[in-house]
Amino acid sequence: MNETRRALLDELAGGPVSGPTLAATLDVSRAAVWKQVEALRTEGFGIESTDDGYVVTSVPEFGASAVAYGLDADWAIEYHDSIGSTNDRGRELATAGETDVVVLADEQTGSRGRLRREWTAPSGGVWMSLVFAPDRPPAHAPIYTLAAAVATTRAAREAGVDASIKWPNDILVNTVSEGTSDESDGVIVVDEDAPRGGRKLAGVLTEMEGEADRISWMLVGIGVNANIDRDDLPAGATSIRAEAGDVERRLFVQRLIEEFDDLSGDPEGVLDAWRASADTLGRRVRVETATETIEGEAVDVEFPGALVVRTAEGERTVHAGDCEHLRPV
Ligand code: BT5
């Protein structure tokens, strides 16, 4: 999206604004303003010309301009109806020196999770990659995965979904599963298909390139099952649609970007936010690392994102791995 379009969307989001004022503010001709307004109408915006100036009357459901309109964070948006993987596209942009860009797609045809696992990404989801270049050492990279998980959880909660984080990067919806019951309102709900710990709503895949002391670029890929039927997702997954009904994706993505922008500006503050959004602390867990399996109680998280597990042999600090929530003994 070009700079004029972004600036125009910012001005329009502020209320009615006249053509001549826009031309002066954006430092372009009135004809150029008119052309951009027409382009937005073609994208699906309702824009009326009133005595007070241009007024936006409706915004398309999704797309680059739809997300940029009213976005309170300084990120450019690139949108694709369908793409292989937003992380692959993000990598292209990052290596070309672009930064503070969000690649967004309605559908992905070749997306992946960690360790090149398959990631299902049909139309209706929120598939996005944030490209940025924090002035930090590579060792701090995990904190941005945690920040993305917190931002996603907060946006999901605002959409009415009871989401929480499983260390390090899964966003789950707790289901009352076999063997436990919720009798608070006299009803016992059993979701027998749900994996222990809950159904997966979203995941985060972080990639980066760095020199010895500084990150060159980072890519935080976030996949959220938004307006998708459960049947179109792998077993054990859930969606915003299944939990709370459809969400306005442009508003959801705006919240997510704004939260991430805030959190990533204060990496040291992320841990407290993570503790408040996570479901892992205080639970019995089994963590599979590349070399071993660690079992015990998850007691804390340490900068830049390590899990502290109290085992029979003492406390262990785990930097990476797959974590499973176990039933309490
Ligand atoms: C993740 O990996 O959870 C990271 C997922 C990141 C996806 C985003 S979408 C935008 C960006 N572009 C990409 O290409 N990727 C990122 P992991 O923890 O390894 O979990 C992967 C596992 O989750 C798979 O093996 C499946 O079991 C399960 N899975 C696959 N698709 C899913 C879905 N849509 N919802 C829930 N679970 C899924």
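In each ligand, atom 1 is the first atom listed, and ligand 1 is the first ligand listed.
Only the side chain of Asn225 comes within contact range of ligand 1, with a heavy atom under 4.0 Å; no backbone atom does. Residue Pro234 touches ligand 1 through its side chain alone, judged by heavy-atom distances below 4.0 Å. The proximity of Leu115 to ligand 1, defined as any non-hydrogen pair under 4.0 Å, does not occur for either the backbone or the side chain. With a heavy-atom cut-off of 4.0 Å, Glu118 touches ligand 1 through its backbone alone. With a heavy-atom cut-off of 4.0 Å, Arg117 touches ligand 1 through its side chain alone. Residue contacts with ligand 1, taken as heavy atom pairs separated by less than 4.0 Å, involve Val204 solely via the backbone atoms N, CA, C and O.
Taking the six-membered ring for Trp and thresholds of 30 and 60 degrees, Tyr144 and Phe260 have ring planes inclined between 30 and 60 degrees apart.
Within ligand 1, the atoms closer than 4.0 Å to a non-hydrogen atom of Ser111 are 13 (C), 14 (O), numbered from 1 in the order shown. Atoms of ligand 1 found under 4.0 Å from any heavy atom of Ala237 (numbered from 1 in listed order, with element): 35 (N), 36 (C). For ligand 1, the atoms sitting less than 4.0 Å from at least one non-hydrogen atom of Leu233 are 34 (N), numbered in the order shown with element in parentheses. Contact atoms of ligand 1 toward Met128: 10 (C) (distance under 4.0 Å to a heavy atom of the residue). Set against the non-hydrogen atoms of Ser85, the atoms of ligand 1 under 4.0 Å away are 12 (N), 13 (C), 14 (O). Close contacts of ligand 1 with Asp170, meaning ligand atoms under 4.0 Å from a residue heavy atom, involve 3 (O), 18 (O). Near Thr86, the atoms of ligand 1 lying under 4.0 angstrom from a non-hydrogen atom of the residue are 10 (C), 11 (C), 12 (N).
For atom 2 (O) of ligand 1, the nearest protein heavy atom (residue, atom name, distance) is Arg114 N, 3.1 Å. The protein atom (non-hydrogen) at minimum distance from atom 1 (C) of ligand 1 is Lys200 NZ, 3.7 Å. Nearest protein heavy-atom contact of atom 31 (N) of ligand 1 is Thr120 N, 3.0 Å. Nearest protein heavy-atom contact of atom 8 (C) of ligand 1 is Gly223 N, 3.6 Å. For atom 12 (N) of ligand 1, the nearest non-hydrogen atom of the protein is Gln108 OE1, 3.0 Å. Among protein heavy atoms, the minimum distance from atom 5 (C) of ligand 1 is reached at Trp119 CE3, 3.5 Å.
For the side chain to side chain contact (heavy atoms under 4.5 Å, CB included) with His325, the lone residue among Arg284, Arg286, Arg283 that qualifies is Arg283.
Contact annotation for atom 27 (O) of ligand 1: protein absent (non-hydrogen atoms, distance under 4.0 Å).
In summary, the aromatic rings of Tyr54 and Phe45 are positioned with their centroids too far apart to meet the 6.0 Å limit.
Heavy atoms from other residues, nucleotides or ligands lying under 6.0 Å from CD of Glu118 number 12 at most. Counting heavy-atom neighbours within 6.0 Å of Arg114 CZ, excluding the residue itself, gives a total above 12. Other residues, nucleotides and ligands contribute more than 12 heavy atoms inside 6.0 Å of the CD atom of Glu295. Annotation for Asp266: atom CG counts as buried by contact number, over 12 foreign heavy atoms lying within 6.0 Å. Around atom CZ of Arg116, no more than 12 heavy atoms belonging to other residues, nucleotides or ligands sit under 6.0 Å away.
Panel note: side chain Trp217, backbone Met208; no donor-acceptor pair is recorded below 3.5 Å. In this structure a side-chain-to-backbone donor-acceptor pair under 3.5 Å is present from Asn169 to Val204.
Checking only distances, Ser129 never comes within under 3.5 Å of ligand 1, N or O to N or O. Among the atoms of Arg112, some N or O lies under 3.5 angstrom from an N or O of ligand 1.
Looking at Arg241 and Asp232, no side-chain N of the basic residue comes within less than 4.0 Å of a carboxylate O on the acidic one, giving no salt bridge. A salt bridge links Arg136 with Glu268; the closest basic N to acidic carboxylate O contact falls under 4.0 Å.
At a threshold of 4.5 Å between non-hydrogen side-chain atoms, the residues Glu61 and Asn227 count as touching.
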